[in-house]
Amino acid sequence: MTSRQKLFTLGMTTTVAAALALTGCDMGSEDSAGGASASPAAKGAVTEAQAAKILDTYESVNNKANAQQDSALLGTVEGGQLYEQSKADYRLFETESKEDQAAYRNPFHYTGRKYWIPAGKDWFAVTTTSNNSKDEALLVFGKEYDDWKLISAVHSDVPLPAIATDDSGLAAAVDAGTRVGTLAPNQISAAYEDLYTTGGKKAGVDISHSTEAAKDAIETHAKRDSGKGAKFATKVFVSTPAEFDTVYALRLKDGGVLAALPTAHASQYVLKASYRENYDITPTEVESVFNGRDRDTVVNTYQGMALAILPKTGKPSVTAREYRIVNSQ
């Protein structure tokens with residue numbers, strides 16, 4: 001159970017607003033004496049104190065919303081891909097054990113916070129843990145209709161890399177379309193989803209297969225038709241659009257990039273033709289929340305978020321991911 005808000009891991013798999021521009025300053029204009037006037041110092045969207053207050057508010061409201069699964073309340077402080085997952089958590093709350101429900105309602109508190117505020121951007125990130133987890137998380141806050149909301153949150157059992165800052169303590173955002181090593185940050189989601197859909201034979205060849213996140217996706221693909229139901233039905237995974245497609249990327253001290261990215265896929269479980277006349281698939285308890293009807297095909301949609309490290313040379317690695325089942329038809 002994760003510490004971001006003690007979310008459930010649901011479904012068959014285990015675990016963001018426009019592309020970011022390169023950080024830079026405007027050139028100074030010529031002054032009346034013919035010299036170049038100094039450009040104003042670049043600033044972040046918030047100060048560290050303001051960022052801390054925004055996170056405090058999120059934490060407080062999130063705890064209140066979790067206590068009663070109030071998605072409207074949570075929507076005042078949460079948005080993007082993360083909110084899609086949280087709404088699904090609330091909808092599926094009654095399918096969880098009483099023990100897990102009680103744990104979900106228990107308040108949490110973020111500790112060991114470090115703020116990463118990129119110059120000239122309208123978002124900021126936080127690395128933190130919570131009082132009920134050892135895993136470090138990367139949180140990304142952005143604006144939705146002028147309100148600060150937590151847009152992305154991914155927990156990692158792998159230590160997060162060192163993020164670079166300038167002399168003013170500001171982080172550097174990296175354009176999501178800028179190639180770093182073999183891929184750009186906005187190409188990683190498609191490469192990672194290819195691990196589910198083909199086992200990494202197409203776009204997935206361009207990312208590392210050595211991380212646990214990659215190994216799990218490849219294994220999920222390989223075992224898609226195993227089990228007792230394999231005689232009657234087949235399963236395929238297909239890449240689907242993420243509900244929110246913004247990728248956030250920060251420069252690392254070693255020159256590489258850390259990216260928080262959205263990702264999504266669907267599983268299609270289909271009766272073989274010879275069984276369709278006399279058989280149906282009975283949905284699981286979780287699937288029945290969305291559609292309880294027996295049917296010959298079950299399509300589950302998963303919305304996710306991931307963290308990826310892009311080295312200066314070589315293949316990027318997806319180091320952490322979180323999925324939630326958000327629909328079943």
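Quick caveat, the model's predicted, so the values are computed rather than measured.
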Rounded to the nearest 0.5 angstrom, the OG-CG distance for Ser239 and Leu195 is 11.0 Å
| query | Can you tell me if Glu136 and His155 form a side-chain donor-acceptor pair at under 3.5 Å? | reply | no
Cation-aromatic face contact Lys121/Phe124, 6.0 Å, 45 degrees | no
So OH of Tyr110 and OG1 of Thr129: to nearest 0.5 Å the spacing works out to 10.5 Å
Worksheet item: Going by distance alone, is a donor N or O of one side chain under 3.5 Å from an acceptor N or O of the other, for Gln81 and Ser152?
Response: no
Output for pair (Thr47 OG1, Lys43 NZ), nearest 0.5 Å, gives 10.0 Å
ask   = Please walk me through it: do Tyr90 and Asn66 pass side chain to side chain contact (heavy atoms under 4.5 Å, CB included)?
value = CA-CA 8 Å; Tyr90 287 175; Asn66 286 346; 2.7 Å; yes
Output for pair (Tyr275 OH, Ile281 CD1), nearest 0.5 Å, gives 13.0 Å
The test is side chain to side chain contact (heavy atoms under 4.5 Å, CB included); show your working for Glu144 and Lys149 and say whether it passes. CA-CA 7 Å; Glu144 281 191 357; Lys149 295 185 178 182; 3.5 Å; yes
> When you check the gap from the basic side-chain N to the acidic O, do Asp89 and Arg324 get nearer than 4.0 Å?
Replying inline: yes
Residues, nucleotides or ligands: over 12 heavy atoms within 6.0 Å of Tyr279 OH
no
Aromatic ring proximity Tyr302/His265, centre distance under 6.0 Å: yes
Kindly determine whether Lys253 and Ile163 satisfy side chain to side chain contact (heavy atoms under 4.5 Å, CB included), including the steps that lead there.
-> CA-CA 5 Å; Lys253 284 186 177 181; Ile163 298 170; over 6 Å; no
Hey, would you say the Tyr248 and Trp116 ring centroids sit under 6.0 Å apart? no
Ignoring hydrogens and angles, write down the donor-acceptor pairs under 3.5 Å from the side chains of residues 225-234, residues two or more places apart or on other chains.
from: Asp225; atom 1: OD1; to: Lys235; atom 2: N; distance (Å): 2.8
from: Ser226; atom 1: OG; to: Lys223; atom 2: O; distance (Å): 2.7

> More than 12 heavy atoms of other residues, nucleotides or ligands under 6.0 Å from NZ of Lys114: is that the case?
Replying inline: no
Side chains of Tyr323 and Gln303 only: does a donor on one sit below 3.5 Å from an acceptor on the other? no
Quiz item: Is Glu59 salt-bridged to Arg113, cutoff N-O under 4.0 Å?
Solution: yes
